[in-house]
Amino acid sequence: MAMSTTSTDTPPLVLLSGLAADARIFTAQKIAFPQMCCPGWLEPERTETINDYAGRLAETLDESPCIVGGASFGGIVALHLAEHIDARAVILIGSIKSPSQLPMYARCARPFRFLIPFMPVRFLQTLTRPIATRFVKRHAPFAYGLACQFRDSNPVVFKWSLRRILDWSITPKVSCPVFHLHGDRDWTLPLRYTDPDESVAGGGHVLSLTHPIEVNSYIRQILSEVASTSRTAPERKGPEHESLPK
């Protein structure tokens, strides 16, 4: 996938969408940052790990230095992706840095992840049809957008992603700075389990859609910081992993 940039000092921006989402979640960011790209989700192998998946995803990107990031599950994959490419920074938007930051309900659900293959995702997608209508689009565009993205998502990718979230146990050790923005009213990945650099007042889980001004301002600050330090960045060490107990 070709990645463009607007200047020689600012590397391309690669953002990964979250679970059951796609590039539409970053519509406001694409307008603000023309150099941004949002790769589509590759169809995973059933038992493929996040790190192996990130390695395959890296092969679809240009080899030029870039800033990677993602929303929710996309942020988790972005951390692993940073181990396979020349990443200058990682941006987490409503995401988490390690398995220890998973909420209690996710940890409690781990013993039941064997049931994920039996989830009727196609049936659940049909239930979104009443929401994905012109009437809802006019009066509740946020709900309409999320419904359309879930309706159009690949059930194979959805089930694989959900399972990888529940069995995530390795914290990537990236050699670049990690920046984290989180909503203080995120009930999916509650703020109290995380340690973000900045929080958005009144922000929920889908910050890029509900609070685009704050998200774009945060990204702009990071781009400026990376651009100002890119020429003096220290030599990077090889990737390491830390295994956490399940």
Side-chain angles (χ1 to χ4, degrees), residues 1 14-32 36-48 50 53 57 60 69-78 92-96 102-103 105-106 108-110 112-168 182-183 185-190 200 202-216:
M1 174 179 292
V14 180
L15 296 180
L16 305 178
S17 58
L19 181 66
D22 54 38
R24 286 172 285 185
I25 201 173
F26 295 123
T27 298
Q29 287 67 52
K30 182 61 178 177
I31 295 174
M36 191 210 88
C37 72
C38 181
W41 290 105
L42 305 176
E43 183 155 324
E45 299 178 6
R46 192 172 64 87
T47 59
E48 190 172 24
I50 296 179
Y53 183 89
L57 183 60
T60 69
S72 192
F73 179 65
I76 295 175
V77 177
L92 303 181
I93 305 171
S95 187
I96 54 178
L102 283 168
Y105 72 82
C108 293
R110 282 175 170 171
F112 305 100
R113 56 184 181 270
F114 70 94
L115 295 174
I116 293 177
F118 304 102
M119 288 184 62
V121 178
R122 287 295 188 192
F123 173 72
L124 295 175
Q125 288 174 320
T126 63
L127 298 181
T128 65
R129 290 179 180 176
I131 305 176
T133 61
R134 291 183 178 179
F135 177 82
V136 176
K137 181 179 181 180
R138 179 181 302 175
H139 298 282
F142 176 70
Y144 170 83
L146 293 182
C148 288
Q149 291 183 60
F150 175 65
R151 180 197 62 192
D152 299 337
S153 64
N154 184 333
V156 175
V157 175
F158 180 88
K159 292 180 181 180
W160 175 84
S161 302
L162 187 57
R163 178 148 191 147
R164 294 294 81 82
I165 292 173
L166 296 183
D167 62 19
W168 190 36
H182 214 88
R185 293 186 180 180
D186 187 333
W187 310 126
T188 303
L189 296 174
V200 177
H205 190 56
V206 195
L207 288 175
S208 59
L209 288 180
T210 61
H211 293 73
I213 295 177
E214 290 88 344
V215 171
N216 290 352

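Please read these numbers as outputs of a predicted model, since none were measured by experiment.
- Between atom CG of residue L189 and atom CD1 of residue I96 there is a gap of 5.5 Å, rounded to the nearest 0.5 Å.
- Judged by distance alone, the side chain of Q29 and the main-chain N or O of N216 form no donor-acceptor pair under 3.5 Å.
- For R185, the CZ atom is loosely surrounded, since the number of other residues' heavy atoms within 6.0 Å does not exceed 12.
- Residues T188 and Y105 have side chains in contact (heavy-atom distance under 4.5 Å, counting atoms from C-beta outward).
- The closest side-chain heavy-atom distance from T210 to V200 is not below 4.5 Å.
- The CG atom of L207 sits 13.0 Å away from atom CD1 of I213, with the distance rounded to the nearest 0.5 Å.
- Within the 3.5 Å criterion, the main-chain N or O of S153 finds a donor-acceptor partner in the side chain of Q125.
- Y53 contributes no side-chain N or O that, together with a main-chain N or O of E45, makes up a donor-acceptor pair within less than 3.5 Å.
- Scanning both residues, F150 and T128, for their nearest heavy atoms gives CD2-CG2, 3.5 Å.
- Contact record, D186 with H205: OD2-ND1, 2.8 Å, taken as the closest heavy-atom pair.
- Around the CG atom of L115, the shell of radius 6.0 Å holds more than 12 heavy atoms that belong to other residues, nucleotides or ligands.
- Put simply, the side chain of R151 never gets that close to the backbone of R129: no donor and acceptor are under 3.5 Å apart.
- Of the possible polar contacts, one joining the S208 side chain to the I25 backbone as a donor-acceptor pair under 3.5 Å is found.
- Few gaps surround CZ on F114; more than 12 heavy atoms of other groups in view lie less than 6.0 Å from it.
- Contact record, L57 with P39: CD1-CB, 4.2 Å, taken as the closest heavy-atom pair.
- Atom CD in E43 sits 5.0 Å away from atom CG in N154 (nearest 0.5 Å).
- C108 contributes atom SG, which lies 11.0 Å from atom CG of L166 (distance to the nearest 0.5 angstrom).
- Taking NZ of K159 as the reference point, atom CD1 of I116 lies at 9.5 Å (rounded to 0.5 Å).
- Between the side chain of W160 and the backbone N or O of E48, at least one donor-acceptor pair lies under 3.5 Å.
- Here the closest non-hydrogen pair linking M36 and K30 is O-NZ, 2.5 Å.
- Here CD1 of I93 is found 12.0 Å from CD of E214. Values are rounded to the nearest 0.5 Å.
- By the 4.5 Å heavy-atom criterion applied to side chains, I50 and F73 are counted as neighbours.
- Smallest separation of non-hydrogen atoms from S95 and I76: OG-N, 3.6 Å.
- In terms of heavy-atom proximity, F26 sits nearest to C38 at CD1-SG, 3.9 Å.
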